[in-house]
Amino acid sequence: MEPLASVSLASSASPRPAGWQMQLRVDYVVNKVMQTHRGQSEDAISRAIQDQLRSVGVVPNGRQIAQYAAVISQLPLLPPNNRA
């Protein structure tokens, strides 16, 4: 029987930090909501972000969502042909 190769899961040469997949999901959802809800109320934007984050398996961070919602609500509406 061949000896098994050693495996080290604690590599210091990891190309990506912990949590990078979750951050990609958050970025995707925020960008999507930014295109569809900009200029709307902060409450509507917060609900949309929370719902969509939960649908991709991310537990929403209330403080972070409030910050995103405040910024997105201040953005001007996109022309109809640029909406997703």
What pairs of donor and acceptor atoms, side-chain ones from residues 49-73 against any protein atom, are under 3.5 angstrom apart with sequence neighbours left out?
unit_1, atom_1, unit_2, atom_2, d
Ser55, OG, Gln52, O, 2.7
Asn61, OD1, Arg63, N, 3.0
Asn61, OD1, Gln64, N, 3.1
Gln64, NE2, Tyr68, OH, 3.1
Ser73, OG, Ala69, O, 3.3
Ser73, OG, Ala70, O, 2.9

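Remark: Gln40 pairs with His37, Ala44, Ile45 by the side-chain contact (heavy atoms from CB on, under 4.5 Å) rule, at least two apart or across chains. Applying the side chain to side chain donor-acceptor pair (under 3.5 Å) criterion to Asp27, with sequence neighbours excluded, gives Gln23.
Here Leu24 sits in one hydrophobic cluster together with Trp20; the rule is ILVMFWY side chains under 4.5 Å apart, joined directly or through other members.
Under a hydrophobic-cluster definition in which Ile, Leu, Val, Met, Phe, Trp and Tyr are linked whenever side-chain heavy atoms come within less than 4.5 Å, directly or via other members, Leu77 and Met34 are assigned to different clusters.
Side-chain N or O atoms of Arg38 include one that pairs as donor or acceptor with a backbone N or O of Pro76 at under 3.5 Å.
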